[in-house]
Structure formats: structure tokens, C-alpha cells
Amino acid sequence: MCSVNLFAKDFFNKKDKAVLPEAGDWGLSINATPILDYLGNFIGGNGNNNAPTLDFLSGNQLIYIKYFKDNQLAYRGGIRLDFHYDHFVTKTPKAGLNDPFITVDNTQSNRNNTIIMTGGLEKRFGKTRLQGFYGAEGGLMYAHQMTNFTYGNVLYAQNPGPQNTKTDLGINMGLGARAFLGLEYFIFPKISLGGEFGWGVSAIYRTEGERTFEVFESNVVVTKTQPIGSAFIFNSDTNSVNSIFGPMGSLRVSFYL
């Protein structure tokens with residue numbers, strides 16, 4: 001009978017609301033730093049006290065969620081889908097004329113796509129508001145950046161170039177895995193303040209990039225391509241360096257439903 005009462009005290013508050021996550025709960029974590037800064041400035045009487053904002057846990061702006069299979073085991077995952085495109089038009093004087101008000105259009109189009117996905121398991125322990133957890137996760141990354149140019153003035157003898165028409169920085173493909181260990185303290189039912197540290201490995205390979213440009217040679221416009229190199233990056237370190245896959249070691253606020 002005593003053990004049942006202790007269990008109830010640990011997992012439920014005075015209004016019989018569950019304090020800790022349970023099987024079937026979903027969790028979302030955000031960076032706690034903006035909130036803590038706001039509260040500290042408020043208590044300290046700082047006049048420049050802007051409202052707190054929601055912030056991502058990692059510099060790569062991944063959205064992290066958890067799903068509890070049972071009270072001690074959770075699946076966790078992160079995702080970032082970034083598809084960026086912009087297009088600029090610049091007016092420039094038409095070549096061969098002395099009138100600056102007669103112009104042509106130069107354009108620049110930029111594409112920058114990033115996809116990061118992570119997944120792993122989290123094992124929890126502890127029967128009070130202070131919970132420990134540990135586990136492992138892995139991640140995949142894809143990124144590609146390319147810029148295209150067009151020009152209103154054609155190349156000729158007095159304007160031989162070169163002028164870029166395309167810059168392709170190559171495709172970045174990454175793979176990583178990490179182990180982590182952390183603590184959470186439930187300040188309110190299903191709301192916790194905590195953090196984690198991790199160690200892992202990651203490898204990123206960037207394919208050969210190239211620059212395409214035009215030049216005026218022998219009375220004709222010639223298109224040429226120049227390679228700009230490839231790269232391979234390997235990291236084996238803690239979160240401060242190896243932070244592509246998984247949250248940073250910052251404090252966080254977590255909400256569970």
C-alpha cells in the first residue's frame with residue numbers, strides 16, 4: 001500500500017494530473033535561453049526586456065519531436081526541410097550607347113536546398129520530477145547550392161568578358177551518429193527544463209562543383225566550364241563541434257501532450 005502511495009506521489013500532482021510523460025505522449029523541445037534571459041532581465045529590472053521567442057535547439061534549425069512508446073522508452077526524431085529560391089533583376093546601361101537611361105536587365109537566381117533527418121531511441125530512468133535519459137540517434141543530410149546569371153549586354157570585342165553564367169557548389173551528402181546523456185526536471189505537469197550532452201561522428205562529402213562562364217574569343221561567344229573542387233569532412237567530437245545531427249548542449253524547455 002505504501003509503494004502505491006509513493007508511486008502516485010511521484011507521478012501525479014495534488015490535482016491528480018500526470019507530471020511525467022506517459023505512453024502515447026508526444027513531446028516538443030525548444031531552446032530555453034530566450035525565456036531565461038527574459039525572466040532574468042525582468043527580475044533584474046532591465047528596461048530593455050524584449051518578449052521571449054521560440055528558438056531552435058540546434059544551429060541547423062531542426063524541429064525535434066518525441067513519441068513515448070511507454071513510460072521509459074521514447075522515439076525521437078528531427079527534421080529540416082529548406083527549399084530556398086530568390087531572383088534579382090539589376091538594371092545596367094546598354095553597351096555601345098552614351099545614354100545612361102537606356103538600360104538592359106541582368107538577372108541572378110539562387111537556389112539553396114537543405115534536407116536533414118534524424119532518428120533515434122531515448123531510454124529514461126528516475127521516479128521523481130528529476131528524470132535522467134540516455135540513448136543514441138543517427139542522421140542524414142542533403143544540401144545543394146546553385147546560382148544562375150543572365151546578362152542583357154552580349155559579349156563583343158570591347159566587352160570580351162568573362163562573365164559567369166552558372167555557379168554550382170556541388171551536392172553535400174552527410175551521415176552521422178551520436179550517443180547522448182541528459183537530465184530533465186519537471187517544473188510543471190508535462191513541462192520540463194533540462195539539457196543533454198552528446199558525442200558522435202559525422203562524415204560529409206561534397207561532390208565536384210563547377211563554374212560556367214562565357215568569353216568572347218575569335219569573334220564568337222564561347223562557353224567554358226571550370227571545376228571548383230570537391231571536399232570530404234570527418235568529425236568525431238562533442239556537440240560543440242559535431243552538431244549537425246542532434247540537439248546542442250544548451251538548456252531546453254520541453255512540452256508533452
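Numbers here simply count residues along the sequence, with the first being 1.
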Quiz prompt | Inter- and intrachain pairs under salt bridge (charged side-chain N to carboxylate O under 4.0 Å, His left out), touching residues 110-126, at least two apart | solution = Lys66-Glu122, Arg76-Glu122, Glu122-Arg124, Arg124-Glu184
Quiz prompt | Value rounded to 0.5 Å, distance of CD1 in Ile204 from CE in Met173 | solution = 11.0 Å
Quiz prompt | Val253-Ile187 co-clustered via ILVMFWY side chain contacts under 4.5 Å | solution = yes
Exercise. Please indicate whether Tyr205 has more than 12 foreign heavy atoms, meaning atoms of other residues, nucleotides or ligands, lying under 6.0 Å from its OH.
Key: yes
Exercise. Indicate yes or no: at least one non-hydrogen side-chain atom of Trp26 is less than 4.5 angstrom from one of Ile65.
Key: yes
Practice problem: Check the angle between the aromatic planes of Tyr75 and Tyr67 and answer parallel, tilted or perpendicular using the 30° and 60° thresholds. | Solution: parallel
Exercise. Could you check if a side-chain atom of Arg129 sits within less than 4.5 angstrom of a side-chain atom of Val19, using non-hydrogen atoms only?
Key: yes
Self-check item: Considering all heavy atoms, the nearest Tyr85-Ser109 contact
Solution: OH-OG, 3.5 Å
Practice problem: Can you measure from CG (Asn172) to OG1 (Thr207) and round to the nearest 0.5 angstrom? | Solution: 7.5 Å
Quiz item: Okay, side chain of Gln226, backbone of Arg211: is any donor-acceptor separation there less than 3.5 Å?
Solution: no
Exercise. Measure the shortest side-chain to side-chain distance between Ile228 and Leu169 over non-hydrogen atoms and say whether it is less than 4.5 angstrom.
Key: yes
Practice problem: Answer yes or no: is there a side-chain heavy-atom contact under 4.5 Å between Ser202 and Phe234? | Solution: no
Quiz item: So which heavy atom on Tyr64 is nearest to which on Thr118, and how close?
Solution: CE2-OG1, 4.1 Å
Show me the donor-acceptor pairs, under 3.5 Å and distance only, between side chains in residues 213-221 and residues at least two apart or in other chains.
from	atom 1	to	atom 2	distance (Å)
Glu214	OE1	Gln163	NE2	3.4
Glu217	OE2	Lys224	NZ	2.9

Exercise. Could you tell me whether the side chain of Thr114 reaches within less than 4.5 Å of the side chain of Tyr142, counting heavy atoms only?
Key: no
Self-check item: Heavy-atom side-chain proximity of Leu175 to Leu140 below 4.5 angstrom
Solution: yes
Practice problem: Could you tell me whether a side-chain N or O of Asn71 sits under 3.5 Å from a main-chain N or O of Ala23, the two making a donor and an acceptor? | Solution: yes
Practice problem: Find the distance between CG (Leu193) and OG (Ser29) and round it off to the nearest 0.5 Å. | Solution: 10.5 Å
Taking only distance into account, with no hydrogens and no angle test, what donor-acceptor pairs under 3.5 Å do side-chain atoms of residues 88-105 form with protein atoms, sequence neighbours excluded?
from	atom 1	to	atom 2	distance (Å)
Lys91	NZ	Asp105	OD1	2.8
Asp99	OD1	Phe101	N	2.9

Practice problem: Kindly compute the distance separating OG (Ser192) from CG (Leu130), expressed to the nearest 0.5 Å. | Solution: 10.5 Å
Quiz item: Is the side chain of Asn159 donor-acceptor paired with the backbone N or O of Tyr156 at a distance under 3.5 Å, no angle test?
Solution: no
Self-check item: Member of Asn112, Asn110, Asp86 meeting the side-chain hydrogen bond (donor to acceptor under 3.5 Å, both in side chains) criterion with Thr147
Solution: Asn110
Quiz item: Is it true that atom CZ of Phe188 has more than 12 heavy atoms of other residues, nucleotides or ligands lying nearer than 6.0 Å?
Solution: no
Quiz item: Where is the tightest heavy-atom contact between Arg178 and Phe197, given as atom of each residue plus distance?
Solution: NH2-C, 4.2 Å
Self-check item: Asn235 side chain to Asp237 backbone, donor-acceptor under 3.5 Å
Solution: no
Quiz item: Is there side-chain contact between Glu137 and Leu121, with at least one heavy-atom pair below 4.5 Å?
Solution: no
Quiz item: side chain to side chain contact (heavy atoms under 4.5 Å, CB included) between Asn113 and His84: does it pass, once the steps are laid out?
Solution: CA-CA 6 Å; Asn113 301 327; His84 175 82; 5.5 Å; no
Practice problem: Go through the steps for Gln145 and Asp168 under the test side chain to side chain contact (heavy atoms under 4.5 Å, CB included), then give the verdict. | Solution: CA-CA 6 Å; Gln145 183 176 348; Asp168 188 339; over 6 Å; no
Quiz item: Is there a donor-acceptor contact under 3.5 Å linking the side chains of Thr165 and Thr212?
Solution: no
Quiz item: Same cluster or not: are Tyr185 and Tyr134 linked, directly or through other Ile, Leu, Val, Met, Phe, Trp or Tyr residues, by side-chain heavy atoms under 4.5 angstrom apart?
Solution: no
Quiz item: Does the side chain of Trp199 come within less than 4.5 Å of Phe180's, by heavy atoms?
Solution: no
Quiz item: Between atom NE2 of His144 and atom CZ of Arg206, what is the distance when rounded to the nearest 0.5 Å?
Solution: 11.0 Å
Quiz item: CD1/Ile79 to CG/Leu62 distance, rounded to the nearest 0.5 angstrom?
Solution: 8.5 Å
Quiz prompt | Residue pair Leu20 / Phe186: nearest heavy atoms and the distance that separates them | solution = CD2-CD1, 3.4 Å
Quiz item: Where do Phe149 and Thr167 come nearest, in terms of heavy atoms and distance?
Solution: CE1-OG1, 4.0 Å
Exercise. Taking all heavy atoms of Phe255 and all of Ile191, pick out the closest pair and write down the distance.
Key: CD2-CG1, 3.9 Å
